[in-house]
> 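Let me give you the structure first, and then I'll get to my questions.
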Amino acid sequence: MTNTVMTESFCQFGSVYYEPLDLEQQHLACMQFSAQSKTIEQLYCFPHEVCIELISGLAVILLSARPGTETPSAFTIHHYLRLKPGVFFNVVPISAEASYSLITPESRFKQYPLLRPYTLQHTPVQFHILEIFDCYHSAEEPPCRFHKATHEYYELLYVTQGMLSVARADNAYALTAGDAILLGPDTKHPKLLQRERACSYLSVVFDMEIAKPYRLLGRIFHCTSGLRDALRRLTEDCATHTAHTRTLMICHMQEVLTHLLLFCDPEDEPTLSASSPTYQNDLLQQILTYMEERVTEPITIEEICHKFFLSRSSLQSLFKTYLNNSPKSYLLNIKLQKSKELIRENQHTISEIAELLGFSSIHYFSRLFKKYFEQSPSEYAKQVFQEEDA
């Protein structure tokens, strides 16, 4: 994608106008050109103001403030353009061909070669949702364990309330409200799902074409506001089954996957100001990743603020806006989820797990565990071992 001439960055080169110029009244000369090549090797420069009026087709204008530039700025032409004297430019067609008028007081100009040829390239779509096979929202179901059948498609799980554990042959995942995970095709091992307390979640089984799916698979994403909105629309539409809503659901899934890819490839995002919602989404994702990576360390909210140059109130506001939660509560949540994982691994005692996760005492840890999961750590361990022996 290129810039638009309606942005501030175009103002250094010229301005736009909306009505064709009266050539006779203003004593201007008009030359007509046809642009066909997607590759440009030179730029033109007039010593006076020059106007460009696109006649047919779609086109991009390359602009530079100096000759011999390696990477000229590219702007899609939406209006008639008036370029300042001394600006270096050329026109590249987006369509197979584009014709335009070049209007000047005189036809004198110079040509300057680019340091390297410029070729207009369209950014390919990174993925394409082919079909949604199954989509349902399980609302406030009681705690239970069950297996899901194997299949050859992708599956997105998004927890809207409560807690959901997902176990596969290769790994186990613990999701809380606001978490999403994308699982890849598996035709050999069924997934084991365990709902903790009353749990609501969205399941979407779909097929897609994507070049590098491994960037997304098996990673827990903590949904920010943009991703939550797309998932909410998907949840609302999955209750109806018209042709139009099925099309909308595919659009929503495209949006969901785009958000997930932005989490994986933050370098693809433009430079953003600290007040930008996208910047804050990315900052939040970095903080959540930092918390997860150090869940077995006794980190504090003050340390997180210091690490990310935030005041305590700014951190609180960030979590409240995007997760509707507090940093302290979120950190406690992932520690308790990690404690269940450690209990299942059976490599540490309950007391060691409490110490490992930074709890002040085993009694405090046990009290919080029972408050969250409605059973003590020892009761949970006993349940896990009984199920394994069954």
Side-chain angles (χ1 to χ4, degrees), residues 1-126 262 265-274 276 278-279:
M1 295 292 288
T2 56
N3 296 314
T4 171
V5 294
M6 300 305 291
T7 58
E8 287 186 12
S9 55
F10 177 75
C11 294
Q12 62 177 309
F13 302 110
S15 58
V16 302
Y17 61 98
Y18 303 95
E19 296 292 336
L21 297 176
D22 188 327
L23 304 182
E24 292 186 5
Q25 182 178 2
Q26 300 184 38
H27 306 290
L28 297 173
C30 178
M31 298 176 283
Q32 291 195 354
F33 294 89
S34 176
Q36 298 176 335
S37 175
K38 306 288 185 184
T39 299
I40 297 298
E41 298 182 352
Q42 59 190 7
L43 300 179
Y44 302 106
C45 181
F46 285 74
H48 42 71
E49 184 179 85
V50 58
C51 296
I52 296 175
E53 297 184 358
L54 192 63
I55 300 171
S56 65
L58 301 172
V60 164
I61 186 167
L62 304 182
L63 296 169
S64 177
R66 62 183 184 276
T69 184
E70 184 171 346
T71 54
S73 301
F75 298 86
T76 305
I77 302 175
H78 299 133
H79 304 287
Y80 301 143
L81 307 181
R82 179 177 284 108
L83 302 182
K84 297 177 180 178
V87 169
F88 301 84
F89 72 93
N90 206 334
V91 175
V92 190
I94 297 175
S95 51
E97 181 179 354
S99 61
Y100 62 95
S101 295
L102 199 152
I103 303 168
T104 66
E106 56 179 282
S107 57
R108 181 168 51 93
F109 66 91
K110 291 184 178 181
Q111 302 179 35
Y112 296 86
L114 287 167
L115 290 180
R116 64 178 63 181
Y118 174 94
T119 301
L120 180 64
Q121 296 179 335
H122 298 290
T123 303
V125 176
Q126 296 189 42
L262 284 174
D265 303 313
E267 67 275 9
D268 289 345
E269 297 182 21
T271 303
L272 300 163
S273 67
S276 162
T278 310
Y279 173 88

> Do the non-hydrogen side-chain atoms of Leu43 and Pro67 ever get within less than 4.5 Å of each other?
no
> For Tyr112, enumerate each residue passing the ring pair (Phe, Tyr, Trp, His ring centres under 6.0 Å) test, keeping only those at least two apart in sequence or located in another chain.
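With neighbours one apart ignored, the set is Phe88.
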> Which residue pairs satisfy the salt bridge (charged side-chain N to carboxylate O under 4.0 Å, His left out) criterion with at least one member in residues 21-32, sequence neighbours excluded?
none
> Can you measure from NE2 (His79) to OH (Tyr17) and round to the nearest 0.5 angstrom?
12.5 Å
> What residues form a side-chain hydrogen bond (donor to acceptor under 3.5 Å, both in side chains) with Ser15, not counting sequence neighbours?
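None.
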> Between Thr119 and Thr39, does any side-chain donor sit less than 3.5 Å from a side-chain acceptor?
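Thr39 and Thr119 do have a side-chain donor-acceptor pair below 3.5 Å.
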> Please tell me if the side chains of Leu83 and Ile61 come closer than 4.5 Å, counting only heavy atoms from C-beta onward.
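Yes; the side chains approach each other to less than 4.5 Å.
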> So, do Tyr118 and Leu62 sit near enough that their side-chain heavy atoms are less than 4.5 Å apart?
yes
> Rounded to the nearest 0.5 Å, how far apart are CG of Leu23 and OG of Ser101?
8.0 Å
> List the residues meeting side-chain hydrogen bond (donor to acceptor under 3.5 Å, both in side chains) with Ser95, not counting sequence neighbours, and say none if there are none.
none
> Show me the pairs that pass salt bridge (charged side-chain N to carboxylate O under 4.0 Å, His left out) and involve residues 46-60, at least two apart or across chains.
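Residue pairs passing salt bridge (charged side-chain N to carboxylate O under 4.0 Å, His left out), neighbours aside: Glu49-Arg82.
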> On a heavy-atom basis, which atom in Ile52 and which in Val91 lie closest, and how many Å separate them?
CD1-CG2, 4.5 Å
> Taking side-chain hydrogen bond (donor to acceptor under 3.5 Å, both in side chains) as the definition, give me every residue that meets it alongside Ser37, ordered by chain and number, with sequence neighbours left out.
none
> Mind checking side-chain contact (heavy atoms from CB on, under 4.5 Å) for Gln111 and listing every partner two or more places apart, or none if nothing turns up?
Gln42, Tyr44, Phe109
> Might you point out which heavy atoms bring Pro93 and Leu120 nearest each other, and give the distance in Å?
O-CD2, 3.4 Å
> Apply side-chain hydrogen bond (donor to acceptor under 3.5 Å, both in side chains) to Glu106 and list each qualifying residue two or more places apart in sequence or on a separate chain.
Arg108
> Please name all residues satisfying salt bridge (charged side-chain N to carboxylate O under 4.0 Å, His left out) with Glu19, sequence neighbours left out, ordered by chain then number.
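For Glu19 there are no salt bridge (charged side-chain N to carboxylate O under 4.0 Å, His left out) partners, ignoring immediate neighbours.
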> With sequence neighbours left out, what residues match Arg66 under salt bridge (charged side-chain N to carboxylate O under 4.0 Å, His left out)?
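In terms of salt bridge (charged side-chain N to carboxylate O under 4.0 Å, His left out), with neighbours along the sequence ignored, Arg66 is linked to no residue.
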> How long is the gap from CD1 on Ile103 to CG on Leu21, to the nearest 0.5 Å?
5.0 Å
> Within a strict 4.5 Å, meaning less than it, do heavy atoms of the Phe89 and Val50 side chains meet?
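Yes, their side chains come closer than 4.5 Å.
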> Quick one: list whatever passes salt bridge (charged side-chain N to carboxylate O under 4.0 Å, His left out) with Glu97, sequence neighbours left out.
none
> With sequence neighbours left out, what residues match Thr71 under side-chain contact (heavy atoms from CB on, under 4.5 Å)?
none
> Can you tell if the side chain of Pro72 reaches within under 4.5 Å of the side chain of Leu63, non-hydrogen atoms only?
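Answer no - side chains too far apart.
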> In Å and rounded to the nearest 0.5 Å, what is the CG to CZ distance from Leu81 to Phe75?
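Rounded to the nearest 0.5 Å, the CG-CZ separation comes to 10.0 Å.
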